[in-house]
Amino acid sequence: MIQNPSLPLLLQMKNIRKNFGATLALDEVDFDLKKGEVHALIGENGAGKSTLVKILSGALRADKGKMSLENVSYSPSSPLDGRRRGVSMIYQELNLAPHLTVEENIMLGKELHSWGFLRQREIREKVREALEFVHHPEISLDIPVGKLSIGARQVVEIARALMSRASVLIMDEPTSSLSQEDSDLLFQIIRRLKEQGVSIIYISHFLEEVQEIADRFTVLRDGKTVGSGEMKNVSLEELIQMMVGQKVDEMFPRIEHEVGDLLLSLDKLKGKKMHAEVNLSLHRGEVVGLAGLIGAGRTELMRTIFGLDAVVNGSVKVASVSTPIGSPWLRIRQGMGYLSEDRQGEGLALSCSLADNLTLSHFNPYSRFGFLGLKKRREAIQGWIQRMKIKARDSDQAVLSLSGGNQQKVALARLLHQEADILLLDEPTRGIDVASKSQIYEWIGQLASLGKTILFVSSYFPELLGICDRIAIFHRGRLVDIRDYSDWTAQNMMAAATTGRVV
Amino acid sequence: CGEKEDGDMQQERGRRLLIAVIPKGTTHEFWKSIHAGAVKASRELGVEVIWKGPQKEDDRAQQIIVVEDFINRGVDGIVLAPLDDRALCRPVQDAVRESIPVVIIDSGLQGEDYVSFVATDNYKGGVLAAKKMEELLGGKGKIFLIRYQEGSASTTKRENGFLDTLTAEFPNISLLVQDQHTGATTESAFQLAENLLGRFPEVDGIFCPNESSTFGVLRALQESRLAGIVKFVGFDSSPKLVQALQQGHIHALVLQNPLKMGYLGVKQIVYHLRGHEIETLIDTGVYLATRENMDDPDIKALLEPDFSSYLDR
Amino acid sequence: MIKKNIPGLQIREKTRIQHLISWLAPFLGLILVLVIFSLMPEVQDRFLRISNFKSVATQSVIVALGALGMTLIIISGGIDLSAASNIALSSVIVAFAINAGIPPVFAVLCGVLTGGFVGFVNGSLITSLRLVPFIVTLGMLGIARGIAKWTAGNQKIDAPLSWVNELMARHPSPSWLLMAPGVWLMILLAVVMAVVLRYTVFGRHVFAIGSNEATARLCGIRTNRTKIIVYSVSGLFCGLSGVMQFSRLTVGDPTVAIGLELDIIAAVVIGGGSLRGGEGSILGSMIGVFIMAFLRNGSTMMGWPNYIQEIIIGAIIIVAVGLDQLRHRRE
Amino acid sequence: MIKKNIPGLQIREKTRIQHLISWLAPFLGLILVLVIFSLMPEVQDRFLRISNFKSVATQSVIVALGALGMTLIIISGGIDLSAASNIALSSVIVAFAINAGIPPVFAVLCGVLTGGFVGFVNGSLITSLRLVPFIVTLGMLGIARGIAKWTAGNQKIDAPLSWVNELMARHPSPSWLLMAPGVWLMILLAVVMAVVLRYTVFGRHVFAIGSNEATARLCGIRTNRTKIIVYSVSGLFCGLSGVMQFSRLTVGDPTVAIGLELDIIAAVVIGGGSLRGGEGSILGSMIGVFIMAFLRNGSTMMGWPNYIQEIIIGAIIIVAVGLDQLRHRRE
Ligand SMILES: Nc1ncnc2c1ncn2[C@@H]1O[C@H](COP(=O)(O)OP(=O)(O)OP(=O)(O)O)[C@@H](O)[C@H]1O
Ligand SMILES: Nc1ncnc2c1ncn2[C@@H]1O[C@H](COP(=O)(O)OP(=O)(O)OP(=O)(O)O)[C@@H](O)[C@H]1O
Ligand SMILES: [Mg+2]
Ligand SMILES: [Mg+2]
């Protein structure tokens, strides 16, 4: 990678401090950014990365500390203020107005107009260009964003950020729902921007990605800066060590498990929004991965299985019992559990407490005649908080105020707490830090060894290859092929996902 | 012109005369009596009556809409108890323009677009109440004047009649409260009176200008165990009020003659339509009912008008 | 050709009839109401007359003007319970001003600006104290109504007749106008607002704020400023509605329009507005206004007792919106 | 001790005074109102008397019972505009039943069940037609009111006195009761509802549905069933409130409680309920009820003209909720 240590300093943040009520999120953090560099910001879930960059973008205000941009003091009072100074950001929690169309969202806040009237034609032209720039010209301009899949929304979000000619571009986990292909495309874009002198702050939990793209890094831990430097001077292990404070032994621990009887079988299943019938059978103690590109239709399959979308054709058999109408209520009673990829829109009741969210699908252990044993539950929750390393004040904290990764952990913990036999996991590791990820992989292995069935959707091929027994590839709503994991490589998976043909 | 020609005209059109009677509201006992009177007249005269008030009680704007809608329906005549002496002028003009004559009942209307006016003298009702109050209190005391709703013309006249008489003739009677309005419902009158009695338990007399406020205040007096002790003059009647009058909880009720008002209203318009000469102004009178005279047949007929034969219930 | 790229988005081409149906669809509820009354033998000939349509149009002006502003507010995710009080206040102010000898033009201006001012105060309180609109406008409901009664001295204000009262005359004075000037003004403003919502930056921002306020802020929209404008504009509409109310009543009545806020909100919601924000349209709201107006008109003409009318109107509101919902679900 | 396990979470401990303050905080608005009137020389002695508190308590029962149900609905993300009509309908039904010679116990039961039935219909329509609660309950507002007027023949229904009328007597007959039985019932039910919301599975489900209905469904909650229960329970509360209304008035009055739905909703919102769902508490709603009741009581006692009252009540609602908001922001 080209690097120039003598690049001029563009931005400086000094002694930044931020409290959320009783929680200290940032404690005297220093950060600086050079012109034309890609600077990775890494750290565990809840380390304070998002908070730091939100202060930079103007979405939050620091309690204390100084910032300067191009040697002029900088303290944005609003995101608009920040953008005027050339700071633009892709937020971790997708920030789109669901009722507005793709076009409207991309242009939001920067509409071209004459005397307040929109210049429709130019706007559409620009938006089309933007979508082409991110290699997704197929996304329709007039579809309300609320109807898009999460992956597609992330693309829209990226397109929007690229629209504004910023000198500092902040990306908070931009690839968390993107496929390998789209991530690679994004990297190309980043490189191009860098050449144009744009500075980029890049937050991600995919450390290989970070190593590939970043020039320098800063590591945060518990709201403090614990290290920074040139990316080329550190190894992956050292980075992890800095982040977590300990070593992570193995990324994809394979735990021995045996494949048992047939548990879930999909027979010519087609849901309301699905485009093709799917046949699939899953056995006890089996981890099956589903791979595909954005909008490949994996989420729709899962939703149909779980009874969230109506079945038009075919059947879902659980332990060879077929039920005519599936509803989540019924599925849960059949021992199924579903983790939604849309944690903010669907996965979590944000204004409810951590404890409620975690136990919502399974109150039985704490309830007697409909009354909840709150104390008993609190104790149990504490166990989960520790096991999942959820960083939270206490079990009554609203999920809303947790960091993105910690929210994901709560959603995942709910599924584990539910003690389901069949786990439908849609992008379960989205936004989760490295150490916790490997922990989660280990659990999945353990669950399989206990005879549970896991259907694992992911856009990150290495994790599929790392933990699944079998992997199915989806292409445009169609199941292309399903094979043993050892028959797949990252290359032929990609080929199958993009072309729909297996080589 | 004679009855005969009239009959021909009706036969020609192939239907009976259709008269719209538009009260200010439909849910007070008072309007029920008017309705009964109108039905009585319609039976005697062989015409058809549509009874229809504004959908929200006492809403001027809504009453205008009702008048307009009946103009569009093409009724033959309208009997109207206008909620406002001014606001209803234009709809009445519109009716006249479309050759639909209008008779005004209960409250006045400015201008001369109507053919007859049949009403109670509300101001006189207030005067009557004031005089009775003075008599009950023996010339001095502290009283409440509890008002009905803001902007209600007929009750304001009663309140004014009461107030004017009091200030002009009875200087020894002082008003503890005189600008509190009960609002439209019984419950709001009840609460208002409860709160006022909490503040001024020393009150000697109360006057209320209509049925709903009288009943609400009565309930408050009963709850505060002041009923019968505080001299209470109300307006209009209903079974509960009559009962209270009997028990001595109410000392006097000012009464109007709504049955007659409704009857005459319809009769006037029909006579006009049939080409008779009619009087342009009829006063249906105000009366005072007390425990002593409540069994007089005349008063009894006003207190407990028997309209079971005209209305379903 | 772009569509072909997406497997999931094969959009079926509509036939011409389907086009017609989908164009008519928003009018479904209204058509239903019109058909019901046209089938009633007692009123059918009278109900479908132009003169009746004219009076329904005139009767709707007040609610319609209120609904134009309310649509804006509801799209932005807010609500305005003070609308009806604001209408009453403005109508009283106009009467007061005319009575005080101010030329009618300025009196009208006073009325409209009073409405705008009340809206502005609503908007400012909502944004500066960060209170929910429900509370602020509930408070304002009482405050505006109280001030109206105060100004009017608890009575209606009689004002001398002037051209202002011609604004809502059912028989307008230059007879080539055909309908009251107020009706034309309402139509004009509805078109203006529809254009504003669809074709201006401001309109987009209003939708964005209602859809996701946090996003709007993060995208650099000055949400507070926009919201203040929304409430002020809506206030101006209430002010104008108050002028029309005065014009119709010929008096300034502080007790007018009590409870009308529910009618106004209902019209917007019937027309597809969502109280969660981000959804709504001017056309829809206007249809909502007319559904309610024709329902009232038809039932009055039928001479149904009020309670029957209440029951039927209640039922038809549910049915009309239910039909609309069914249609949406089908799509 | 658990907290210490989590690195990076430095949590400041509260002092005892801060604890006291944060415990008192929800009462801030109410205390403000009480203090204001206690400082008024004209009424302070009368205002602070026990007998006055008793009558305010009795006056509040009707709104409070409505608010208990409404809290449930608002937490679940809905709204019930038909509450007031439902109260009127139930009160008419009780009077009707007693008049028809049915023993008072059963008459009361009829009233309560009528309320419950109306709620059930609301809930069923909302879930089966997937209509927004605003529309369904707006329709029901008219329907229930219409049926009430119909049943009562547009009049008050006089019913013979019975023990039912003692429920709301300010001087209860066994005098050791101190307050009207209705007040005790209200307190009891408030406690029950608070427990239900906090300590039962049902309560958690209601919160979850209001916070995010999709999540609730995904977690296997039968949202439709729960919502129907919510509306039915709320209907039962309205029914009971109607019984109390009848008890107070001694007649069944179909026009009673017009517009009361706004008061009820306001009480819940003042008490921290959010119309977006997922937030609200029984304690808060009860405080909201009492803030409004004391405001009315105090201003009437002061003898302020109604318009001043309206203005002041409006202003205090905004201020009280504004203070609460400030407190929240500080935390
Ligand atoms: N609005 C808020 N209210 C209260 N606490 C908050 C809020 N936002 C963040 N926090 C807390 O601040 C801390 C830092 O959160 P932040 O979102 O910055 O973490 P992060 O490094 O971005 O983590 P992740 O990798 O999970 O996204 C967390 O402990 C979180 O709970
Ligand atoms: N480019 C697009 N334009 C419009 N709609 C799209 C697009 N991509 C996906 N969708 C929508 O998403 C649906 C399929 O998404 P689904 O969520 O099932 O896919 P997925 O495989 O889970 O992909 P993702 O990684 O995006 O979650 C399509 O039917 C379509 O409605
Ligand atoms: Mg983050
Ligand atoms: Mg997906």
Heavy-atom pair count under 4.5 Å with chain C, highest-scoring of Pro254(D), Ser82(D), Ala266(D), Gly259(D) = Ala266(D)
Locate the shortest heavy-atom distance separating Ile318(D) from Ile135(C); write the atom from each residue and the value.
-> CG1-O, 4.1 Å
Val321(D) versus chain C, the contacting section by heavy-atom distance below 4.5 Å = both
Would you mind checking which part of Ile308(C) comes under 4.5 Å of any heavy atom in chain D, side chain (CB onward), backbone (N, CA, C, O), both or neither?
-> side chain
Atom pair CZ (Phe134(D)) and CG (Leu262(C)), whose distance is rounded to the nearest 0.5 Å = 5.5 Å
Bottom line for Leu81(C): the part with an atom under 4.5 Å from chain D's heavy atoms is side chain
Select one option (side chain, backbone, both, neither) describing which atoms of Asn306(C) are under 4.5 Å from chain D's heavy atoms.
-> neither
So which pairs with a foot in residues 294-304 of chain D pass side chain to side chain donor-acceptor pair (under 3.5 Å), sequence neighbours left out?
-> Asn195(B)-Asn297(D), Asn52(D)-Asn297(D), Asp263(D)-Arg296(D)
Listed by residue number, which members of residues 142-153 of chain C have a heavy atom under 4.5 Å from any heavy atom of chain D?
-> Gly142(C), Ile143(C), Arg145(C), Gly146(C), Ile147(C), Lys149(C), Trp150(C)
Should the heavy atoms of other residues, nucleotides or ligands under 6.0 Å from CZ of Phe120(C) be counted, would the total exceed 12?
-> no
Which side-chain N or O atoms in residues 268-280 of chain C pair as donor and acceptor under 3.5 Å with protein atoms at least two apart or in another chain?
from, atom 1, to, atom 2, distance (Å)
Ser274(C), OG, Arg276(C), N, 3.0
Arg276(C), NH2, Gly77(D), O, 3.4
Glu279(C), OE2, His99(A), NE2, 3.2

Answer yes or no: does atom CZ of Phe37(D) have more than 12 heavy-atom neighbours from other residues, nucleotides or ligands under 6.0 Å?
-> yes
Where do Leu138(C) and Ile265(D) land on the side-chain contact (heavy atoms from CB on, under 4.5 Å) test, with the steps shown first?
-> CA-CA 10 Å; Leu138(C) 180 73; Ile265(D) 297 171; over 6 Å; no
Sort Ile316(D) into side chain, backbone, both or neither according to what part of it lies under 4.5 angstrom from a heavy atom of chain C.
-> neither
Identify, with sequence neighbours excluded, every residue that meets side chain to side chain donor-acceptor pair (under 3.5 Å) alongside Gln245(C).
-> none
